[in-house]
Trainee: 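The following block contains the structure, expressed as structure tokens.
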Amino acid sequence: MLKSPLLILLPFLPLSADSPRVAHEAGREVVRTYEVTSIRSLDSAVINVQGQDQDVGSGKERSETLSLVVADKILAAIDGAPTGFHREFTSASTDQAMEEVEGALVRDSSGASELEGLGVIFTLDAEGGAWTREYDEDSSGEDAWLEELAPGMDLSSILPEGEVAVGDSWDVPVSILGDLLRPGGTVDVKTDPGVDVPEGGVSIAVPGAPDDGGWDSFEGEVVARYDSIEEEDGRRAKIVLTLELSSDLDRVEELEAEAAERGAEEDYSEALLTRSLSGEVVVLWDLIGHHALSVEGTLTGESTFNAAWAIEAGQMQLELEYEEEGSLEYEVSMEVEATGGGAD
């Protein structure tokens, strides 16, 4: 067969103007305002100590709201992706509310985070592909705080690999759950005030979900749908995320390690946290500035936790069991203001 002597060279074809993408430039400043509220309603919460049951919250409701404002200034970018930026934690705080439980002492960690007012510089290692973190010259804090910070807050993981149009759907990584419910990583950093235990009493820490939420343990399906284009105050793509997720998290090793950090010895034979979450989250994407504009959504689900462990209390060993069942609700909202670097 004769080969064609004609060779056609096609130029690079950019994505359609209606296809959402992310494009940052050096000099762009992005202010993100987040609010994430979690509500846990306990149908039953019972701890068994040496064969005796004690109710520790059945029928009670616990809520926590994270309020976060961060200001990012892009220092360097390649092909629209940031490779260095400065993040200021303008404000970061939590507000907790929990109904009183007779016979239980509750840690209230409401208040401002230690990160509030600090600045951190994120730099992408071109060779290793990992992000480094350091405090700016006007800030100081614990190195451990830096390790738990997540650089990505632009929700770029919801975007498809190629061109899409209104009506199209595509799969999104399950890791988006952590981006939505734990924006910026562990930003609620506080000194543990501890609990005053009456003389002769014994402090028993009731186990539960991990401090980081354990969102990376979830599996399931997240689907994005390009719902429509809105042309009020600009040109915006409306993307609807549908989440159907679940998790079976074995916490035995984590809880034993946490006890060791408190100077306690706890031997767990069981610690299984089972959760399900589903719902819709709406993302508005700026088709001119090429960045997320807002997020709004609610996720609901169920949760059970079963644990059995033993602790040393003076000269005796206490055998403990804990069973919890309830419902979960998460409300997330985010608004973005971007200026400079082609954002306008």
Side-chain angles (χ1 to χ4, degrees), residues 34-48 55-66 94 96-99 101 150 155 157-158 169-186 188 206-225 227 239-255 258 268-283 295-309 321-334:
Y34 267 95
E35 187 169 281
V36 181
T37 298
S38 62
I39 302 172
R40 187 157 58 108
S41 302
L42 298 177
D43 297 326
S44 65
V46 177
I47 189 168
N48 183 288
D55 192 299
V56 288
S58 298
K60 303 293 185 179
E61 185 175 278
R62 305 173 187 178
S63 67
E64 178 177 292
T65 297
L66 168 67
T94 53
Q96 293 185 334
M98 177 178 174
E99 298 176 83
V101 177
L155 300 182
S157 65
I158 75 167
S169 296
W170 61 94
D171 292 332
V172 171
V174 174
S175 59
I176 189 64
L177 180 66
D179 297 337
L180 292 170
L181 300 185
R182 190 172 171 254
T186 301
D188 182 29
V206 177
D211 291 339
D212 65 4
W215 306 124
D216 58 357
S217 68
F218 276 78
E219 298 178 342
E221 186 177 55
V222 181
V223 176
R225 184 182 77 255
D227 184 82
I239 302 171
V240 180
L241 304 179
T242 302
L243 299 90
E244 291 284 347
L245 305 170
S246 63
S247 166
D248 291 324
L249 180 60
D250 187 339
R251 297 213 62 218
V252 168
E253 293 184 3
E254 285 183 320
L255 290 170
E258 290 174 8
Y268 279 82
S269 59
E270 180 186 13
L272 182 62
L273 175 62
T274 300
R275 292 174 291 178
S276 65
L277 283 174
S278 62
E280 287 191 347
V281 176
V282 176
V283 180
V295 174
E296 198 79 33
T298 300
L299 303 176
T300 59
E302 305 295 329
S303 172
T304 64
F305 188 73
N306 294 282
W309 72 108
E321 294 181 356
Y322 178 63
E323 295 183 356
E324 176 188 294
E325 293 184 6
S327 60
L328 303 171
E329 180 175 334
Y330 293 89
E331 298 176 357
V332 58
S333 67
M334 184 264 283

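Being a predicted model, the structure only gives us computed values, none of them experimental.
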Trainee: Rounded to the nearest 0.5 Å, how far apart are CZ of R40 and OG of S63?
Mentor: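 Answer for the CZ-OG pair, R40 versus S63, is 11.0 Å.
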Trainee: If you define the side chain from C-beta out and look only at heavy atoms, does anything of I39 sit under 4.5 Å from E61?
Mentor: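 They are in side-chain contact.
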Trainee: Measure across S157 and D179 and return the closest heavy-atom pair with its distance rounded to 0.1 Å.
Mentor: OG-OD2, 3.6 Å
Trainee: Would you check if V174 and L245 make a side-chain contact, meaning some heavy-atom pair closer than 4.5 Å?
Mentor: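 Contact flag for V174/L245 side chains = yes.
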Trainee: Taking the side chain as every heavy atom from C-beta outward, state whether L272 and T274 have any atom pair closer than 4.5 Å.
Mentor: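 Counting from C-beta outward, L272 and T274 do come under 4.5 Å.
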Trainee: Distance alone, cut at 3.5 Å: any donor-acceptor contact between the side chains of T37 and T65?
Mentor: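 Yes - a donor-acceptor pair under 3.5 Å links their side chains.
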Trainee: Would you sort out whether D211 and T186 count as a side chain to side chain contact (heavy atoms under 4.5 Å, CB included), showing the intermediate values?
Mentor: CA-CA 9 Å; D211 291 339; T186 301; over 6 Å; no
Trainee: For the residue pair R225 and W170, would you count it as a cation-pi contact if the rule is NZ or CZ under 6.0 angstrom from the ring centre and within 45 degrees of the ring axis?
Mentor: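 Verdict for W170: no cation-pi partner in R225.
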Trainee: Distance from T242 atom OG1 to E280 atom CD, nearest 0.5 Å?
Mentor: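 With rounding to 0.5 Å, OG1 (T242) is 4.0 Å from CD (E280).
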Trainee: I'd like to check the ring pair (Phe, Tyr, Trp, His ring centres under 6.0 Å) partners of Y34; sequence neighbours left out, ordered by chain and number.
Mentor: none
Trainee: Please step through side chain to side chain contact (heavy atoms under 4.5 Å, CB included) for the pair E324 and Y322, ending with a clear verdict.
Mentor: CA-CA 7 Å; E324 176 188 294; Y322 178 63; 2.6 Å; yes
Trainee: Give the C-alpha distance, both sets of side-chain angles, the deciding distance and a yes or no for side chain to side chain contact (heavy atoms under 4.5 Å, CB included) between L277 and L243.
Mentor: CA-CA 7 Å; L277 283 174; L243 299 90; over 6 Å; no
Trainee: Would you check, one step at a time, whether the test side chain to side chain contact (heavy atoms under 4.5 Å, CB included) holds for R62 with L42?
Mentor: CA-CA 8 Å; R62 305 173 187 178; L42 298 177; 3.4 Å; yes
Trainee: Look up atom CG in D216 and atom CG in L177, then write down how far apart they are to the nearest 0.5 Å.
Mentor: 10.0 Å
Trainee: Under the criterion side-chain contact (heavy atoms from CB on, under 4.5 Å), which of V295, V282, I158 is the partner of L241?
Mentor: I158
Trainee: Sorted by first residue and then second, give each salt bridge (charged side-chain N to carboxylate O under 4.0 Å, His left out) pair with at least one member in residues 241-251; sequence neighbours left out.
Mentor: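 Residue pairs passing salt bridge (charged side-chain N to carboxylate O under 4.0 Å, His left out), neighbours aside: R251-E254, R251-E258.
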Trainee: Just to verify, what does E302 make a salt bridge (Lys or Arg N to Asp or Glu O under 4.0 Å) with, not counting sequence neighbours?
Mentor: none
Trainee: Is there a side-chain contact between D227 and I239 (heavy atoms, below 4.5 Å)?
Mentor: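 They are not in side-chain contact.
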Trainee: Is there a side-chain contact between F218 and R275 in this structure, where contact means two heavy atoms from C-beta onward sitting under 4.5 Å apart?
Mentor: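 In contact.
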Trainee: Do S247 and W215 make a side-chain contact, defined as non-hydrogen atoms from C-beta onward lying under 4.5 Å apart?
Mentor: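 SC-SC contact between S247 and W215 ruled out.
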Trainee: Between V46 and N48, is any pair of side-chain heavy atoms under 4.5 Å apart?
Mentor: no
Trainee: How many angstroms lie between atom CG of D43 and atom NZ of K60, to the nearest 0.5 angstrom?
Mentor: 14.0 Å
Trainee: Please determine, by modelled atom types, if S58 and S44 share a side-chain donor-acceptor pair under 3.5 angstrom.
Mentor: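 Looking only at side-chain atoms, S44 and S58 do not form any donor-acceptor pair under 3.5 Å.
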Trainee: Would a 4.5 Å heavy-atom cut-off, applied to side chains only, mark E270 and N306 as touching?
Mentor: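 Side-chain contact under 4.5 Å: yes.
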Trainee: Provide the closest heavy-atom pair for L255 versus P207 in the form atom of the first, atom of the second, distance.
Mentor: CD1-CB, 3.8 Å
Trainee: What distance do L181 atom CG and I176 atom CD1 have between them, rounded to the nearest 0.5 Å?
Mentor: 9.5 Å
Trainee: Grab the two heavy atoms, one from L328 and one from S276, that are nearest each other, plus how far apart they are.
Mentor: CD1-O, 4.5 Å
Trainee: OG1 of T298 to CD of E329: how many Å apart, nearest 0.5 Å?
Mentor: 6.0 Å
Trainee: Which atoms form the tightest heavy-atom contact between A224 and V172, and what is the distance?
Mentor: CB-CG2, 3.7 Å
